[in-house]
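A short write-up of the structure that comes next.
All heavy atoms count here, side chains included; hydrogens, waters and symmetry mates do not. Being a predicted model, the structure only gives us computed values, none of them experimental. Just follow the structure's listing: the first ligand is 1, and inside any ligand the first atom is 1.
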Amino acid sequence: MNADNTIIDIENKYHELFHGNPLCIQAPGRINLIGEHTDYNDGFVLPAAINMSIYFAIGKNNENVFSFYSLDFGELFTFKDGCAISDTYPWANYLLGVIAQFKKLGIDITGLDCVFGGNIPIGAGLSSSAALECGFAFGLDNIFECNLTKYDLVSMAQKAEHEYAGVMCGIMDQFASVFGKKDHVFRLDCRSHDYNYFPLEMNNHIIALVNTKVEHELASSEYNERRKECEQGVDILKEFNSSIVSLRDVDESLLIENKGDFNPIVYNRCHYVVCENQRVIRACSALEKSDFREFGKLMYQCHEGLRDEYEVSCKELDILVEETMDMEYVLGSRMMGGGFGGCTINLITAGYENTFKNKITSIYTKKTGIIPEVYFVKLGDGVRLINQ
Ligand code: GLA
């Protein structure tokens, strides 16, 4: 599989396979600085879109045929009229899921041709699936002139993931892919959907992602399980305070006082989420003061919570985080995204990129036998047209 395609490759393939001039679109992946597993608990997150994207060339045909070509996989999927979930081409389900959302709104999606591909590593926790859903939703909105809002697209993309990929994800990934802004992170309140952009004046700092290159099987089943455990916690806490709707409404003190009523696993899950929400607020104040040391400490605390209380880390992620602890140029490091593989996110002092890359690659390879990948990412804009 070639996961390093550019818009030129995508457009060329479109012209080779189909007729007419397509609309070209770029939809980015995302990082999340802090606020993990808080989005589906109505909490806070601090994501950003990145300069790794999926590109699309998309156009209507008047034949009532749907053709999708994945350039990364070199596979063509074609159907007429309606289509159920595909077992043969799992990637097509994200697109089918998006079409289903348009149909639910009564929008008539007639035949179309689409080629897509890009440079977001798949299974690395950088939300290539959200980029696929958001870019395609944005494309349909444009070619069928639906005039949906950006928020509509986010919510339809999220529903596509729920219904066609079976992951009951929160809203962060799709939100970041649509609302990302160059050189900014944003704090999103996942209850009200209010968001504030923060310029990330990194000056002397760099964001480095280290890809474990593992993606453990458990990821989606355990994800849905965590969601249920959080809901169980809310049911218990409602008995003490009927105004509690989600873990967002819970104080750490209320949780501690009532620890005896909890099964220890559910308690740990809730404790992690309640503390993580606080950490996002503290991390934003640290950013406002350009206090990157404090920000980095919060990242390490977040990892500890994800590893010990939320139990979504894995040995490979833990090795990567632990090994940074005596690198004085690393301010913070933690697993990022859903967990059970994917990347760590690291805040490092500028000028140490090569030192960091060489050292972490050699230690990780020695300890696991796997050669990791290291990406130094920049923050980019959300989904957009690129040939206008
Ligand atoms: C995945 C989900 C998001 C979010 C993160 C964990 O990326 O898609 O909604 O829950 O995990 O923070």
Can the ring centroids of F136 and F68 be said to lie less than 6.0 angstrom from one another?
yes
Pairs flagged by side chain to side chain donor-acceptor pair (under 3.5 Å) wherever residues 354-368 is involved - sequence neighbours left out:
E323-K367
Go through the structure and list residues passing ring-ring contact (aromatic ring centres under 6.0 Å, His included) with H303, not counting sequence neighbours.
none
Tell me every residue that passes ring-ring contact (aromatic ring centres under 6.0 Å, His included) with F376, counting only those two or more places apart in sequence or in another chain.
none
Are the ring centres of Y272 and H37 closer than 6.0 Å?
no
Output for ligand 1, non-hydrogen cut-off under 4.0 Å, lists R30, E36, H37, D39, Y40, C169, G170, M172, D173, Y223, G337, G338
Does the gap between the ring centers of Y151 and H193 come in under 6.0 Å?
yes
